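Down below is the structure, laid out as structure tokens.
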Amino acid sequence: MANIGLYIELKNGAFKKANRELLSLAARGGHNVHAIVFCADARPYLEELKGVQVIVQVQGADLAYQPDRYAATLAAIIEEYKLDVFLGAFSAQGKDLFPRLAAKAKAGLVSDCLAVDLDKRQAVKPVYSGKLLAEYRVAGPRALFTVRPNVIPVEPPAAGGAPELKSRALDTGEPRTRIVEVIQSASQRVDLTEAEIIISGGRAMKAQENFAVLEDLARVLNAGVGASRAAVDAGFASSDMQVGQTGKVVNPKLYIACGISGAIQHFVGMKTSKVIVAVNKDPEAPIFKKADYGIVGDLFTVVPLLNEELKKALG
Ligand SMILES: Cc1cc2nc3c(=O)[nH]c(=O)nc-3n(C[C@H](O)[C@H](O)[C@H](O)COP(=O)(O)OP(=O)(O)OC[C@H]3O[C@@H](n4cnc5c(N)ncnc54)[C@H](O)[C@@H]3O)c2cc1C
């Protein structure tokens, strides 16, 4: 039985869905699971953290995310609780934090994992822009993995007694890097990396205001709105909406690509979507070779029709 640690990510105090996926992964195989939460009082998250054995709440005067302080604190916790494997989400924060933590904790790190075998400390991850899946094994005594959101199915929490609640002070050493400001996207209602449904627009959107047609459909489906790089470069969409090799890697249940040709650099960012629907007026567009369902037509006609029908169907 291994000692597993989980980095629990909170967004403005809210428990992120990716945490539930990590909990489901850690619960497999009867391991001793420790959840690390940076908050003054972790008790409001007890229900969410059902099934873990130990909760470590990290307390301090200023708990806003600061990479060096978080990494130093987590490295000390890994040492103190003798955690063999430490997991986090491959989120913007996970990407920033885990390499620093790996260096501090002198641990091996495999990032952007699609599957992790906790006993063998082995993981599968995409390489070469998703052209291959590679298997990595961490040989040292400590292994760190970041897991791509939306890959691990969420399972009901394992039954168990109340977790032990421990506290630890945040490291207050002088950080070498400091986050000065976090600019929240004004438009994004749903975090693309965690979204279950994404509707993306490409160059064919022609103007920023035309994204309203996708926003309308997104509201009906509670979806996130993404974009191709061509749409971002043309100023139709903000850069945080870009999906692809140089944008976000997403993994929704449903990805609807509107007026997107299907270039490889876009495809690698959404190819693991469970179902891909393409709307394109060119029947020869490469996206149709990759899509599960294709609609040949003008997106400005097709998307409002879809919207109308879905509204009726969903009541
Ligand atoms: C190093 C590098 C990194 C890159 N990274 C990314 C990345 O992260 N993400 C990304 O997306 N791209 C990326 N690209 C760019 C990529 O190669 C493509 O240029 C880009 O994805 C094309 O965007 P698009 O499909 O929106 O535009 P286009 O390729 O111009 O396609 C527009 C499509 O819209 C269709 N269309 C036009 N009007 C309509 C209409 N009214 N209704 C329906 N369909 C219509 C057309 O038939 C066409 O298929 C990268 C490129 C490089 C070199």
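Because the structure is a prediction, the values reported are computed rather than measured. One-based numbering, in listed order, for ligands and for the atoms of each.
Residue-ligand proximity, Gly202 to ligand 1, at heavy-atom distances under 4.0 Å covers atoms 26 (O). Close approach to Ala204 involves these atoms of ligand 1, each under 4.0 Å from a residue heavy atom: 34 (O), 36 (N), 37 (C), 38 (N), 39 (C), 45 (C). In the vicinity of Asp298, heavy-atom distances shorter than 4.0 Å reach the ligand 1 atoms 40 (C), 41 (N), 42 (N). Taking every heavy atom of Ala263 and a limit of under 4.0 angstrom, the matching atoms of ligand 1 come to 16 (C), 17 (O), 18 (C), 21 (O). Heavy-atom proximity to Gln245, at under 4.0 Å, picks out these atoms of ligand 1: 7 (C), 8 (O). Close contacts between ligand 1 and Gly247 involve ligand atoms 8 (O) [criterion: under 4.0 Å to a heavy atom]. Below 4.0 Å from some heavy atom of Gly244 lie the following atoms of ligand 1, by number and element: 7 (C), 8 (O), 9 (N). Ligand 1 places these atoms under 4.0 Å from at least one heavy atom of Asp282: 47 (O).
Salt-bridge formation is detected for the pair Glu196/Lys17: a Lys NZ or Arg NE/NH1/NH2 atom is positioned less than 4.0 Å from an Asp or Glu carboxylate oxygen. A salt bridge does not link Asp62 with Arg69: none of the charged nitrogens is closer than 4.0 Å to a carboxylate oxygen. One finds a salt bridge joining Glu174 and Arg178 here, because a Lys/Arg side-chain nitrogen approaches an Asp/Glu carboxylate oxygen to under 4.0 Å.
Looking only at atom types and distance, the side chain of Asn150 has no donor-acceptor partner in the side chain of Lys253 under 3.5 Å away.
Taking Arg142 as the reference, Ile78, Glu79, Ala107 meet the side chain to side chain contact (heavy atoms under 4.5 Å, CB included) condition, with sequence neighbours excluded.
The CD1 atom of Ile260 sits 6.5 Å away from atom CD1 of Ile287, with the distance rounded to the nearest 0.5 Å.
Applying side chain to side chain contact (heavy atoms under 4.5 Å, CB included) to Val56 and the options Glu80, Glu164, Arg168 leaves one that passes, Arg168.
Protein heavy atom at the shortest distance from atom 44 (N) of ligand 1 is Lys281 N, 3.2 Å. Taking atom 22 (C) of ligand 1 as the reference point, the nearest protein heavy-atom neighbour is Ala230 CB, 3.9 Å. Closest to atom 47 (O) of ligand 1, if we only count protein heavy atoms, is Asn280 OD1, 2.8 Å. With respect to atom 30 (O) of ligand 1, the closest heavy atom belonging to the protein is Arg203 NE, 2.6 Å. When hydrogens are left out, the protein atom nearest atom 5 (N) of ligand 1 is Thr246 OG1, 2.7 Å; that is the closest non-hydrogen contact. The shortest contact between atom 31 (O) of ligand 1 and any protein heavy atom is with Ser261 CB, 3.3 Å. The closest protein non-hydrogen atom to atom 32 (C) of ligand 1 is Gly259 O, 3.5 Å.
Using a 4.0 Å cutoff on heavy atoms, Gly297 counts as a contact of ligand 1.
Residue Gln265 holds the heavy atom nearest to atom 16 (C) of ligand 1 of all those in Gln242, Arg229, Lys248, Gln265. Of the candidates His266, Glu284, Lys206, the one placing a heavy atom closest to atom 11 (O) of ligand 1 is His266.
Using a 4.5 Å heavy-atom cutoff, the side chains of Val127 and Leu133 are not in contact.
The backbone and the side chain of Ser228 each have at least one atom closer than 4.0 Å to an atom of ligand 1 (non-hydrogen atoms only). Here Val243 has backbone heavy atoms under 4.0 Å from ligand 1, and that is the only part of it that gets that close.
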Stepwise side-chain hydrogen bond (donor to acceptor under 3.5 Å, both in side chains) test for Asn32 and Asn3:
CA-CA 5 Å; Asn32 199 15; Asn3 278 331; 3.0 Å; yes
Derivation and outcome, side-chain hydrogen bond (donor to acceptor under 3.5 Å, both in side chains), residues Gln242 and Ser228:
CA-CA 6 Å; Gln242 185 179 317; Ser228 72; over 6 Å; no
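A centroid separation of 6.0 Å or more is found between the aromatic rings of Tyr7 and Phe86. Aromatic rings of Phe236 and Phe211 (six-membered ring for Trp) have centroids beyond the 6.0 Å cut-off, not under it.
Remark: Lys271 NZ is packed, more than 12 non-hydrogen atoms of other residues, nucleotides or ligands lying under 6.0 Å away.
At least one N/O-N/O distance between Leu299 and ligand 1 falls below 3.5 Å.
For atom 19 (O) of ligand 1, the nearest protein heavy atom lies 4.0 Å away or farther.
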